[in-house]
Amino acid sequence: MSKNIFRTKSINQLLSETKQDGGMNRVLGTFGLTMLGIGCIVGTGIFVLTGIAAANYSGPALVISFIIAALACGCAALCYSEFAAMIPVAGSAYTYGYVALGEFWAWVIGWDLILEYTLALSAVSIGWSGYFGNILTNLGLALPKEFITAPEEGGLINLPAMAIIWIITLINMKGITQSSLVNDIIVVIKLAVVGLFIALGISHVEPANWTPFMPYGWSGVFTGASVIFFAYIGFDAVSTAAEEVKNPQKDLPRGIILSLIICTILYIAVSAILTGMVPYLQFKTTAAPVAYALQLVGYHWGAAAVSVGAICGLTSVLLVMSLGQSRILFVMSRDGLLPRFFGHINKTTKTPVRSSLLVAIVSSILAGLVPIGIVAEMVNIGTLAAFIIVSASVIVLRKKAPDRVRPFRCPCVPLVPILSILFCGILVIMLPTVTQIRFIVWLAIGLVIYFGYGYKHSIITKAQKGTLNAAPAAAADETARVPSVHEGAHSTIEH
């Protein structure tokens, strides 16, 4: 077993498996993918983290923090782009790890991604509930505290947080076309709100507010970069939609990179104007810095519009994260590492309905009953671990299969992946010890499940024993086959 747990799957086999149950609808292009990326990236980062980072870490040098974070995240994005174009299969880092590092590491990162996306869904929905409650209160329709607060915080259940998860899930279950359309509409609204802030705020910038520019020194700038680094991480969700892309070899890298570039420009513009409008220390007292800045200069209607934009921003984040989580769970189940019941595509909607329902059940229960502080603190470490494994996988696969056709090539390998690994590793070390311990406990639970269930039920194990019935790889159209990683003459399973 010690050798077999590091067995890999060929790209050939992975592509063949995408035809199971007729496959998903390939309808997304560069525009749709870019909008998905923006939908997941522009949210809490621009409406909340800007003020926190400016007040406590970077000061007006927040623009430099955003540039540093963008460069670091860009290294990981380039690694993702190489894999996404070469292996257009749902599953993101889990799938890439399976090809390059083997089943064991694929399980580790897949289990990690389940934690990341589930808790992120719960945390963002709780934040959405808070904004929703504030808007209703301003309209004179305040909800009873018992139904918008978790038990630990004095309430009974957070119903709005649970409701939005189920609404988003139902949209995603209808089909990728419907999900993409709803996301496009929401993204247009929130980009308009961000543009409105830039247009209103730029004339109220006082250069004196940028002095001192770097009040906390370079250490503050880099600490600020580590805080707002997580404002960028939504781009990895783009790769989870790989099986629903019309031309994945070109569209996936473009969608990942374009969404990151656009969001970086927006972040830099907003942070520069924000710290120019209001002295950075004043942001210590608010969790809504963009709306706060507009209120201070007299644009109360603008502040209300920003609140609507924040709601839209969080809604699109939920939409993309829900989509990504269901695809990861679906692929792991299709591989047999989790019950194959959830590795099923609905023939009518061409979506993984069963895995979507499971994600909704778990995340909505957490959102309704657990405070946001507890569910949010575990999200960051999961994302960083995913970036590290994807970056390492690029280096490994370049060594194992140097001649494989790569529609998009990460530049300066191994330098770029190494920089990604180093930066993400440093950020993992900087996270609170309790978060690291909880992550280790989660991984330990995952190992028990893998060795107790996943390894035995893996389609690779069943294929080796000759018990896999009508393996998808065997039934696939030969015209869709591509060379395997190791050009095995007799098997698509690699060791």
Side-chain angles (χ1 to χ4, degrees), residues 11 14-41 80-81 83-96 98 110 113 117 168-187 234-259 316-335 342-357 359-360 407-408 472 476-477 480 482:
I11 299 174
L14 286 166
L15 293 178
S16 297
E17 289 169 356
T18 64
K19 298 182 180 297
Q20 178 178 311
D21 294 327
M24 299 186 190
N25 285 330
R26 291 190 176 275
V27 297
L28 294 176
T30 299
F31 176 79
L33 288 170
T34 303
M35 294 295 273
L36 282 179
I38 296 173
C40 199
I41 297 172
Y80 265 86
S81 295
F83 270 117
M86 186 169 53
I87 314 171
V89 178
S92 186
Y94 161 78
T95 299
Y96 311 150
Y98 216 145
L113 289 172
Y117 276 92
I168 291 297
T169 299
L170 292 174
I171 293 173
N172 278 333
M173 285 167 53
K174 293 289 291 183
I176 188 63
T177 301
Q178 291 84 349
S179 299
S180 181
L181 176 61
V182 172
N183 180 70
D184 291 349
I185 295 171
I186 294 173
V187 169
F235 74 83
D236 65 324
V238 173
S239 62
T240 64
E243 293 183 29
E244 294 151 291
V245 181
K246 289 181 287 189
N247 187 359
Q249 285 74 20
K250 292 183 179 180
D251 293 337
L252 279 168
R254 290 173 181 172
I256 291 171
I257 295 171
L258 279 174
S259 61
S316 63
V317 171
L318 286 169
L319 189 73
V320 181
M321 282 188 169
S322 174
L323 185 146
Q325 168 68 307
S326 63
R327 270 58 175 178
I328 292 168
L329 179 61
F330 157 74
V331 173
M332 293 181 71
S333 301
R334 185 171 65 186
D335 289 340
F342 298 107
H344 172 266
I345 298 174
N346 184 278
K347 293 183 178 180
T348 301
T349 64
K350 297 294 183 181
T351 59
V353 170
R354 296 173 184 173
S355 62
S356 297
L357 288 173
V359 169
F408 178 90
D477 182 357
V482 296

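Judged by distance alone, the side chains of Thr30 and Asp251 do bring a donor and an acceptor atom under 3.5 Å apart. Ser92 and Thr240 are not linked by any side-chain donor-acceptor pair at a separation below 3.5 angstrom, with hydrogens and angles left out of the test. Between the side chains of Ser322 and Asn172, at least one donor N or O sits under 3.5 Å from an acceptor N or O.
The side-chain heavy atoms of Phe31 and Asp184, taken from C-beta on, include a pair separated by under 4.5 Å. Counting heavy atoms from C-beta outward, Val27 and Ser180 have side chains that stay 4.5 Å or more apart. Residues Thr351 and Ser356 are not in side-chain contact: their nearest non-hydrogen atoms beyond the backbone lie 4.5 Å or more apart. Residues Lys246 and Leu28 form no side-chain contact, since every pair of their non-hydrogen atoms from C-beta on lies 4.5 Å or further apart. Residues Arg327 and Pro352 are in side-chain contact: their nearest non-hydrogen atoms beyond the backbone lie under 4.5 Å apart. Inter-residue side-chain proximity for Asp236 and Tyr117 is flagged as met; some heavy-atom pair is nearer than 4.5 Å. The shortest side-chain heavy-atom distance between Thr169 and Val359 does not fall under the 4.5 Å cut-off. Annotation: side chain of Phe408 is not in contact with side chain of Leu252 (no heavy-atom distance under 4.5 Å).
For the atom pair CG of Asn346 and CE of Met173, the computed distance is 8.0 Å after rounding to the nearest 0.5 Å. The OG1 atom of Thr95 sits 11.0 Å away from the CD1 atom of Ile11 when rounded to the nearest 0.5 Å. Atom CD1 in Ile171 sits 12.0 Å away from atom CD1 in Ile176 (nearest 0.5 Å). Going from atom CG of Leu33 over to atom CD1 of Ile38 covers 11.0 Å, rounded to the nearest 0.5 Å. Of the inter-residue distances, the one linking Ile168 atom CD1 with Leu323 atom CG reads 10.5 Å to the nearest 0.5 angstrom. Rounded to the nearest 0.5 angstrom, Ile328 CD1 and Ser333 OG are separated by 11.5 Å.
Nearest heavy-atom pair, Gly39 versus Val320, reported as atom, atom and distance to 0.1 Å: C-CG2, 4.4 Å. For the residue pair Lys174 and Gln178, the shortest heavy atom distance occurs at O-OE1, 3.5 Å. The nearest pair of heavy atoms linking Ala85 to Pro88 is O-CD, 4.0 Å. Nearest heavy-atom pair, Ser316 versus Val187, reported as atom, atom and distance to 0.1 Å: CB-CG2, 4.5 Å. Scanning all heavy atoms of the two residues, the minimum distance from Ser81 to Ile257 falls at OG-CG1, 3.7 Å.
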Report the C-alpha distance between Tyr94 and Asp335 in whole Å, list the side-chain angles of each, state the deciding distance to 0.1 Å, and finish with yes or no for side chain to side chain donor-acceptor pair (under 3.5 Å).
CA-CA 11 Å; Tyr94 161 78; Asp335 289 340; 2.6 Å; yes
Given Val331 and Arg334, is the side-chain contact (heavy atoms from CB on, under 4.5 Å) satisfied, shown in steps?
CA-CA 5 Å; Val331 173; Arg334 185 171 65 186; 4.0 Å; yes
Full working for side-chain contact (heavy atoms from CB on, under 4.5 Å) between Arg354 and Leu357
CA-CA 5 Å; Arg354 296 173 184 173; Leu357 288 173; 5.8 Å; no
Walk me through whether Phe330 and Ile345 qualify under side-chain contact (heavy atoms from CB on, under 4.5 Å).
CA-CA 8 Å; Phe330 157 74; Ile345 298 174; 3.6 Å; yes
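Classified by interplanar angle (parallel below 30°, tilted 30° to 60°, perpendicular above 60°), the ring pair Tyr80/Tyr96 is perpendicular.
Remark: the backbone N or O of Met24 is not paired with any side-chain donor or acceptor of Glu243 at under 3.5 angstrom. The closest donor-acceptor contact from the side chain of Arg26 to the backbone of Ala242 lies under 3.5 Å.
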